[in-house]
Every structure is written in C-alpha cells, then in structure tokens.
Amino acid sequence: MIKAVSFDFWFTLCTTSKDRDKKINNLRSDAIYLILRQYGYADSKRRFQSHYDLSEKIIREEIINNGFFDYRMDVRISRFLEIILSSDPLLMQSLKQEEKWNEVCERVGVPYMEKLMAIIPDAARNFEFVLNYLKEQGIKIALISNTGKSPGSILRKVLEFHGMLDYFDETIFSNEVEMIKPKREIFELLIDRVNLSPDEILHIGDGIFPDVGGAKNAGMKSALYLGTLPENYSTRPTLEKDFHQIQPKYVIDDFQDLPDLITSINKNDPYFYRIRHHADILPASLYFLSDMN
C-alpha cells in the first residue's frame, strides 16, 4: 500500500528548455565575469566563457567519480572559481594569500545560485490536482532532487512561487545532504524521514537511472514521468536505450493519472503505462507505451 509519494524536481514538478537555460547561463556568466574583473581578472570574456562551460562538466565528473557524493554549495563555488582561475594561477594565489577568497566566493555565489529566479521554471501540468489528491488521501508528499548550480534554498523559492512548497512533508536536496541520485543512501534518507517501509513509497521522476533505477535499488516503487518529454533535451537522446536497460514498470506523462497508477500498484498489477500527450515523439521501440492506455 502506497503511503508516500516522492517527486523529482527538474523535468517532473518543474521544467525548463534549452533556450531558457541559455538565457539564465548568460545572465549568470555575465554577472560573475564582471565581479572577477573587479579583482584583477584579465582574461577575455570568450576565454572566461570557455572555462565557465567546462566547469560544470568537471564538477559533474568529480561528483560521479567520488561515488555520487555532492558538494555543499560553498565548496562547489570555491571549486568553480578554481577552475575559472586555472588560467591565472597568480591571481588565484594572490586572492587566497590575501584572504579575499571567501569574499570572492561569497560575491560570486550570489549570481551563481540565484540567477535561476530571473526566469523562473514552469510548473508541470496538473501539479495542483495531484498534490491536492495526495493530501486528501493522507499520503505523505516528499521531494528528492539533485541540484547543480541552483541549491535547495533557491529551488524551494521556485516551489513557493508556484504554490507547491507547503504541500511537502519532506524535501531533500543533494547539495544539503551531500549526495546525489541515484545513490541508494539518498533514497534511504527519505525512507528514514517518512518512517515507512521502502515498498510503501513511490518515487516518480523523469530520470530512468537516477530516479527509477535509484529508487528501485533502495527497495521503493518507482515510476517514470514523461510529461516534460518535449522540453527534456537531456533525456531524449538516450531514452530508448535506458528504458530497455532499466525497464520501468510504471510510466505516465500526466499527473492526472497518478491516482490510477497508485491504485494499480496497490493491486499488485505488473505494470502501468499511460501516455496521453507525447506518443508521437517516442522512439519506435517504445510505441507500445501509448498502446496500453
């Protein structure tokens, strides 16, 4: 019996797009570049942008290679600056020797973390319906999200902007607990917090490996959410391969179908697939999902 539902944040409760991300990253990088110029940073904007773009890839690889342990935001921002200033080691050494490093990190951290609020992500279709339904049914509501440049403190503001935040009994953000999905321990943290058995919790998200696979490895029920598939440019290229590798048992693309999904899980149905909106962009080998409504 499902007694709690946890959601992913990105491309599940809220969504973005390549164009939106590009605009936010431009605002973020422009602001950071101007701050660093005030401390003697002399590289061109073009060279700065190259290091800026590279920084996220490097940090991501470090987190994965470190066993999916995430950085606290202060550590992440410091590491980000080290990558940016790798082209000017004398300036970096000077800032650290003059004990200005914390000051620079604090100033850079403001646009690094907060520029997401300049163009707030959209909320998912029918989120109000499903959150109200879960509350009415007495089902606990939680969130487990990887963060990146925008920490939990900022993502909570996005949830508050859309009127979602007060619905949640628990919110777990990777930068605050220093681990990311699909690490089993981040799901086990939720299990402890809601004080339920793993099989009494359903986790739903767009990520086949981090969400479906991660929750499954922790003994939880897990569902794949494809409601933001058109915008989810990071998931589309590998959707077919990842799907056949993990084989999600439950798939929806509209939160209005979550009550039926929960009923199906409680009846021990072997699978539940319901695609309402995006059958036309599914890979050919996944057409069967839209035939099982």
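Because only heavy atoms are used, hydrogens play no part in the values below, and waters and symmetry mates are left out as well, while side chains stay in. Positions are given from 1, in the same order as the sequence printed here.
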Side-chain polar contacts of residues 194-201 - donor-acceptor pairs under 3.5 angstrom, sequence neighbours left out - could you list them?
from : atom 1 : to   : atom 2 : distance (Å)
E200 : OE1    : S197 : N      : 2.9
E200 : OE2    : K3   : NZ     : 3.2

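Comment: K183 does not engage E178 in a salt bridge, judged by the lack of any side-chain N to carboxylate O separation of less than 4.0 angstrom. D269 has no carboxylate O lying under 4.0 Å from a charged side-chain N of K249, or vice versa, which leaves the two without a salt bridge. Residues E188 and R184 are paired through a salt bridge, judged by an N-O separation under 4.0 Å between the basic side chain and the carboxylate. Between R79 and E82 there is a salt bridge, since a side-chain N of the basic residue sits under 4.0 Å from a carboxylate O of the acidic one. A salt bridge is absent between E62 and K57: the closest approach of a Lys/Arg side-chain nitrogen to an acidic carboxylate oxygen does not fall below 4.0 angstrom. D257 has a carboxylate O that lies under 4.0 Å from a charged side-chain N of R274, or vice versa, which qualifies the two as a salt bridge.
Taking the side-chain contact (heavy atoms from CB on, under 4.5 Å) definition, one finds that D169 meets it with K135, K140, I141, sequence neighbours left out.
Between I120 and K157 the shortest side-chain heavy-atom distance does not fall below 4.5 Å. Taking the side chain as every heavy atom from C-beta outward, L226 and D206 never approach each other to under 4.5 Å.
Between the side chains of D122 and T15, no donor N or O sits under 3.5 Å from an acceptor N or O. Side-chain contact of D211 with Y225: a donor-acceptor pair under 3.5 Å is absent, judged by distance alone.
Minimum interatomic distance between M179 and S174 (heavy atoms only, all atoms of both residues): O-CB, 3.0 Å.
For the ring pair (Phe, Tyr, Trp, His ring centres under 6.0 Å) condition, the pairs that include at least one residue of residues 92-147, sequence neighbours left out, are F80-Y112.
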